[in-house]
Amino acid sequence: MPELPEVETIKNELTPRIVGRRITDIEVFWEKMVRPLTAGEFRIRIVGQEVTGISRRGKYLRLHLSGGEMLVVHLRMSGSLLLDGASDNKYVNAIIRFDGTTIYFRDPRKFGVMWLAKDEAELDKKLGQEPLEKDFTPRLLADILRKRAAPIKALLLEQDLIAGVGNMYADEALFLAGIHPRRPGSSLTDAEIKRLHKAIQTVLRAGIANKGASIVNYYRPDGDVGSAHHEFKVAHRRGETCPKCGTPLVRITVRGRGTYFCPKCQLAA
DNA sequence: CACTTTGTTTCCAC
DNA sequence: TGTGGAAACAAAGT
């Protein structure tokens, strides 16, 4: 399930393969994935352009096109971008052909979407702080959380606050910081905020170093899986025990999302 | 057949 | 207006 580390990995591995190449054709088999444009309109706007660069913002991958627009790809939950030879023919909802290679947009659940954006502002206004940038400081995190009473887990998932943290890494960061997922954001002490800030960066950096987590559906462009999930302490570890204290992990629901934590290491108080 | 999965949007209450 | 929470939605695997 592509969150920040997974999308970063895809960006890194796709860059040397498609930057500088021209898009020769694009086929979209699942019309809804390019709404509001029709597949035909989408194709006409893109074919013939060169990919001048690839960047990531939050969980969104952006292919910069020579015409000035950006092709924004949102792989949500079950989507992958597979290079030539790495894909079977199942669940391929779109094909982007370049001079020299091909990308298959494979997405069994058809949750992923693409669209064209004029400039970066269009995406920026929806997304908050990049958690791995220098300007993400404990002070900034404190400012974000100070006036919010919602559960800290819910706040970590809000993309307009911090961009790129999803369900797995939110659970991991809270475990590492020793904070209960239901704690109100405004109740965190300065020491806890400092720990959480560090934990967020630690789990995201580890995720990138391990090339992403392949718990359910996540394939790198060459078809390989990532290994970040082997390092997970609590996320998705249903029925297992806490690696630190041996207490059985607990699963609760926070804002409708499955949430795993250790009831002993992450006290509710 | 109910349930799970995630990110986003929409709707409602306060 | 902002906030919090619930529900809906996308589709398929278990």
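Order of the sequence lines sets the chain letters (A, B, ...), proteins ahead of strands, with each chain counted from 1. Basis for what follows: all heavy atoms, side chains included, without hydrogens, waters or symmetry-related copies.
- The side chain of N167(A) lies closest to dT6(B), out of dT8(B), dT5(B), dT6(B).
- Listed pair Y169(A) / dG7(B) fails the phosphate criterion, with no side-chain N or O lying under 4.0 Å from OP1 or OP2.
- Centroid-to-centroid, the aromatic rings of Y91(A) and F29(A) stay 6.0 Å apart or farther.
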Can you give the donor-acceptor pairs under 3.5 Å from side chains of residues 221-229 of chain A to other protein atoms, not counting sequence neighbours?
residue, atom, partner, partner atom, Å
D222(A), OD1, D224(A), N, 2.9
S227(A), OG, N210(A), O, 3.3
H229(A), ND1, S214(A), N, 3.0

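- Of all the residues in residues 143-162 of chain A, Q159(A) reach under 4.0 Å from DNA chain B with at least one non-hydrogen atom.
- The number of heavy-atom neighbours closer than 6.0 Å to CZ of R21(A), taken from other residues, nucleotides and ligands shown, is above 12.
- An end-to-end axis angle of 50° holds for the helix from dA2(B)-dT14(C) to dC14(B)-dG2(C), taken from five base pairs per end and rounded to 10°.
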Could you run down the sub-3.5 Å N/O contacts of the protein with nucleotides 10-14 of chain C?
residue, atom, partner, partner atom, Å
dA11(C), O4', R109(A), O, 2.9
dA12(C), OP1, K110(A), NZ, 3.4
dG13(C), OP1, Y91(A), OH, 2.4

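- Phosphate proximity of dT6(B) to Y218(A): absent, as no side-chain N or O sits under 4.0 Å from OP1 or OP2.
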task: Go through E6(A) and Y169(A) one step at a time and tell me if the side chain to side chain donor-acceptor pair (under 3.5 Å) criterion holds.
output: CA-CA 11 Å; E6(A) 289 74 34; Y169(A) 293 100; 2.6 Å; yes
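- For the side chain to side chain donor-acceptor pair (under 3.5 Å) test, no residue two or more places apart in sequence or in another chain qualifies with R22(A).
- The environment of OH in Y219(A) is sparse: at most 12 heavy-atom neighbours from other residues, nucleotides or ligands sit within 6.0 Å.
- Using a 4.0 Å cut-off, some side-chain N or O of H74(A) falls inside it from OP1 or OP2 of dT8(B).
- With sequence neighbours left out, the salt bridge (charged side-chain N to carboxylate O under 4.0 Å, His left out) criterion links D124(A) to R57(A).
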Dump every N/O contact between nucleotides 9-14 of chain B and the protein below 3.5 Å, one line per pair.
residue, atom, partner, partner atom, Å
dT9(B), OP1, K126(A), NZ, 3.2

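- F232(A) places none of its side-chain heavy atoms less than 4.5 Å from the side chain of D171(A).
- When the options V51(A), T24(A), L83(A) are evaluated for a side chain to side chain contact (heavy atoms under 4.5 Å, CB included) with F98(A), the one that passes is V51(A).
- For E120(A), the salt bridge (charged side-chain N to carboxylate O under 4.0 Å, His left out) partners two or more places apart in sequence, or in a different chain, are R62(A).
- Listed by chain and residue number, nothing satisfies the salt bridge (charged side-chain N to carboxylate O under 4.0 Å, His left out) test with D84(A) (two or more places apart in sequence, or in another chain).
- Taking the side chain to side chain donor-acceptor pair (under 3.5 Å) definition, one finds that E231(A) meets it with nothing, sequence neighbours left out.
- Looking at L174(A) and L196(A), their side chains come closer than 4.5 Å, going by heavy atoms from C-beta outward.
- What separates CG of L75(A) from C1' of dT8(B) is a distance of 15 Å, to the nearest Å.
- In this structure, R251(A) CZ and H236(A) NE2 are separated by 9.0 Å, a value rounded to the nearest 0.5 Å.
- With sequence neighbours left out, the salt bridge (charged side-chain N to carboxylate O under 4.0 Å, His left out) criterion links R148(A) to E158(A).
- Residues from residues 247-259 of chain A that place a heavy atom under 4.0 Å from any atom of DNA chain B, listed by number: R251(A), R257(A).
- For the pair M168(A) CE and dT5(B) C1', the computed distance is 12 Å after rounding to whole Å.
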